[in-house]
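Numbered from 1 within each chain, the chains take letters A, B, ... in sequence-line order.
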Amino acid sequence: MSSKEQSAMASAGSSSSSTEISDSMLRRMAGQSVNKAGLKKDQSEINKIIAEASKGSKFYENEREKDEKLGIQIMKLLDKRDRLLKEGVDLRRLERECDTFIQRIESQRDLSQTIVHVDMDAFYANVELLADPTLEGIAFGVGTGVLTTASYEARAYGVRSGMPVFVAKKLCPHLRMVPATFNSYGEYSGKVMEVFRRFDPNMAKVGMDEAFLNLTTYIQEEREKDGTGQESENAMHKRRERIVRTIRETCKKVTGLTVSAGIAPNKMLAKICSDINKPNNQYILPFTRQAVLDFTRTLPIRKIPGIGRVSERCLEALGVITCGDIITKRAELHLLNYGVIELLKAGLGATSNVVEAGRREDRKSVGCERTFREKSKREELIAIVEDVAEELTETLQKLEYTGKTLSLKYKTHDFKLHTKSHTLQHGEYKTRDSIQTWALKALEESLPLKLRLLGLRVNQLRDLRKKGGLEQYFTNPSHSRKLHEDDEEAEGADFNNAIILDSDEDLEDSEAAETEQVERAINGSPFNDAITNAASSTAVPFASKQETETTHHPMISCPICSRTFPSSTTNQDLNAHIDVCLSKDTIQQLSSRRSSPILGSSESVSSTGEKSVGSKSANKRSRRDIPTNKEDEEDYDFLRPPTSRNHSTTSSSASVSPTVTSSGGSSNKKSKNVLMGTKEAPRNPFAFMKR
DNA sequence: GCATGAAGGACCC
DNA sequence: AACCAGGGTCCTTCAGTT
């Protein structure tokens, strides 16, 4: 261990011996949702109470350990930076490279779309309030064990979601707790989403209480209706505000729940904006490049969706506190291989503005887990696994999925998480038996264990609602899914097939108009760019172009399985697909699937006669060629904002609402490493910013 | 060299 | 006197396979 590491240990660990709690621990214990509004008590006072309350607990110890490790990691990061600098890395060159990135990003900046992020206020809490008016005006929390949400009255005391009840009570002794009633949340969620859909049928739901809307089309139509021609930016601004106000009012009228909203030219910004005037209000960011830059310049990086506690600390150590710092420190970030491009995109406020409904096909896994009071007796643990397996099977059945890999997850008494997984080469996990058998085996293997959590999750799903088994090899969905009573989210989305083009797609040549801007952007830091020409950036000449074009490809369909493919699909590719479709295995598979539930291997590895799907080469080919334009996109592989992550739907009604974001642009290894020349790519705590 | 699996994490709501 | 959810997604690292 280097001396630096030792000192990191020392400083991070100092809290354990003395009564002082380190700063980073205070912050860490403060929890993830620190950025929430509505606090009364002084934040640092609150943080102290929180940390103090759980000090000495196993949880706390575990957090402290993590904190320590992070500290070391950060030291290493800094070490590395210093070393490279000493070795004489050409920072200037890196800076220029970043400027090229910036140029590209700027050239693709798109202010033509009106994106709205709508976010229900204290959703669970407010639903409970409707059900029980005696909660009106009092501090209460929803959940058991951990608060899933807190009323605004409670928040004033520093009580926040994700906080354990006993800590919350320390902050607010008279806090009242009500158990969560997920079914009702689901119902209200459905109603609200319905309202949103009136304004954007392709609305992207993000969890139960949030959604992204693209109002561009709605606005256009409205203007056509009232015969408004060219409109001043000011008029547009007002129109946007008014429409969003209408949306919120409608929600309130329909459900009695209040909504907040953010209006901006892209998802990341809209999301951040929805928080600004939080309860029951909205915030609109002017749709000009300058306004966006002004906004982001001072924006704490933590506000960027995808930047969590860890990334925040890493960046902070590098002197990056605000988005503005990202630009200033770009060379260093680049040097450390720290996902600069994504950061730059976020820093410039030029992230994805593509809003598309989540599709069932996008789901990647289904899981089920349980937390309980520390247990170590074999029988007890086994019973829990059985129980979880049972429930998982039910869920799987209800949702109509099977999966190839199963993983067991457990948390030991000291809050350490572990997973074990197994992938079936042939069969699929489907029956309770197959799941339980492996799960128990995996558990027993590691048995002398004191646990507090056990869970199971199935990955590599196959959608039983789909005709063939080939689907997993194509990204395409389209027609396939019929609506099912229990997934209210179903409608709408289906016909935009898997092609995931982001806004990046067609911009290339259409951008002449903005060249001027771009030019400026390259010379020097955009933030210093005094003369920003806001007007030109608001021009709407290509308004909504890519949106329509990328989502409404005409389709070609396979004569065998009638699956549809984008018109851009070449004959060759189509043939490849048809080959697969015609393969014997496939036919067998299709017919066997009809007749009986054979597929799930009842035992772990051994299997039924299910040959894997289609010929390997065919699969490979098709997977690469047919579905996406990924290859083409590689070049544009900037951040597709992390913004829209998925959220599960706990409700028994199982509205599957998978991710909103399209999959796509894998992260651009090329440019990242090529420029660097560093081998041991330092972990890029940022990788997740992918989209 | 590349695709896959397994295990571990970061993050989100 | 005790003791921090549960549903997901994506990324990374390290092997071992093909």
To the nearest Å, how far apart are [X] [atom1] and [N] [atom2]?
X        : N      : atom1 : atom2 : result
A/Arg457 : B/dG9  : CZ    : P     : 17 Å
A/Leu70  : B/dG9  : CG    : C1'   : 11 Å
A/Ile272 : B/dC13 : CD1   : C1'   : 16 Å
A/Lys303 : B/dC11 : NZ    : C1'   : 16 Å
A/Leu456 : C/dG8  : CG    : P     : 12 Å
A/Leu451 : C/dA5  : CG    : P     : 14 Å
A/Leu147 : C/dG6  : CG    : C1'   : 14 Å
A/Ile72  : B/dG9  : CD1   : P     : 14 Å

### Task
Go through the structure and list residues passing salt bridge (charged side-chain N to carboxylate O under 4.0 Å, His left out) with A/Glu187, not counting sequence neighbours.
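Residues passing salt bridge (charged side-chain N to carboxylate O under 4.0 Å, His left out) with A/Glu187: none at all.
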Give the nucleotide from the list [options] with an atom nearest to the side chain of [X].
X        : options                : answer
A/Glu391 : B/dG8, C/dG8, C/dG7    : C/dG7
A/Glu210 : B/dC13, B/dC12, B/dC11 : B/dC13
A/Val310 : B/dA10, C/dG8, B/dA6   : B/dA10
A/Thr419 : C/dG8, B/dC12, B/dG8   : B/dG8
A/Glu369 : C/dC10, C/dG7, C/dA5   : C/dG7

Under-4.0 Å side-chain N/O to phosphate OP1/OP2 contact, [X] with [N]:
X        : N      : value
A/His418 : B/dG8  : yes
A/Ser421 : B/dA7  : yes
A/Arg309 : B/dA10 : no
A/Ser311 : B/dC11 : yes
A/Ser365 : C/dT9  : yes
A/Gln460 : B/dG5  : yes

Ignoring hydrogens and geometry beyond distance, is a side-chain donor-acceptor pair present between [X] and [Y] at under 3.5 Å?
X        : Y        : value
A/Asn183 : A/Thr181 : no
A/Ser260 : A/Asp119 : no
A/Ser161 : A/Arg155 : no

Taking atom [atom1] in both [N] and [M], compute the distance separating them and give it to the nearest angstrom.
N      : M      : atom1 : answer
C/dC3  : B/dC12 : C1'   : 25 Å
C/dA15 : B/dC2  : C1'   : 14 Å
B/dC11 : C/dA5  : C1'   : 15 Å

### Query
How do A/Leu417 and A/Asp209 order along DNA chain B: which one's closest nucleotide is nearer the 5' end?
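Closer to the 5' end of DNA chain B: A/Leu417.
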### Query
With no hydrogens and no angle check, is any side-chain donor or acceptor of A/Lys420 less than 3.5 Å from a backbone partner on A/His418?
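No.
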### Query
Under the 3.5 angstrom rule, does the side chain of A/Arg452 hit a backbone N or O of A/Thr371 as a donor-acceptor pair?
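No, the answer is negative, given that no donor and acceptor are paired below the 3.5 Å cut-off.
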#### Entry: A/Glu52 and A/Lys170 ion-paired at < 4.0 Å
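Salt bridge: no.
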Anything under 3.5 Å between a protein N or O and an N or O of nucleotides 1-4 of chain C, put it in a table, one pair a line.
{"unit_1": "C/dC4", "atom_1": "OP1", "unit_2": "A/Arg452", "atom_2": "NH2", "d": "2.5"}
{"unit_1": "C/dC4", "atom_1": "OP2", "unit_2": "A/Arg452", "atom_2": "NH2", "d": "3.4"}
{"unit_1": "C/dC4", "atom_1": "N4", "unit_2": "A/Ser54", "atom_2": "OG", "d": "2.9"}

Donor-acceptor contacts, no H, no angles, side chain residues 387-394 of chain A, under 3.5 Å, sequence neighbours left out:
{"unit_1": "A/Asp387", "atom_1": "OD2", "unit_2": "A/Arg370", "atom_2": "NH1", "d": "2.0"}
{"unit_1": "A/Glu390", "atom_1": "OE1", "unit_2": "A/Arg432", "atom_2": "NH1", "d": "3.3"}
{"unit_1": "A/Glu391", "atom_1": "OE1", "unit_2": "A/Arg370", "atom_2": "NH2", "d": "2.2"}
{"unit_1": "A/Thr393", "atom_1": "OG1", "unit_2": "A/Ala389", "atom_2": "O", "d": "2.5"}

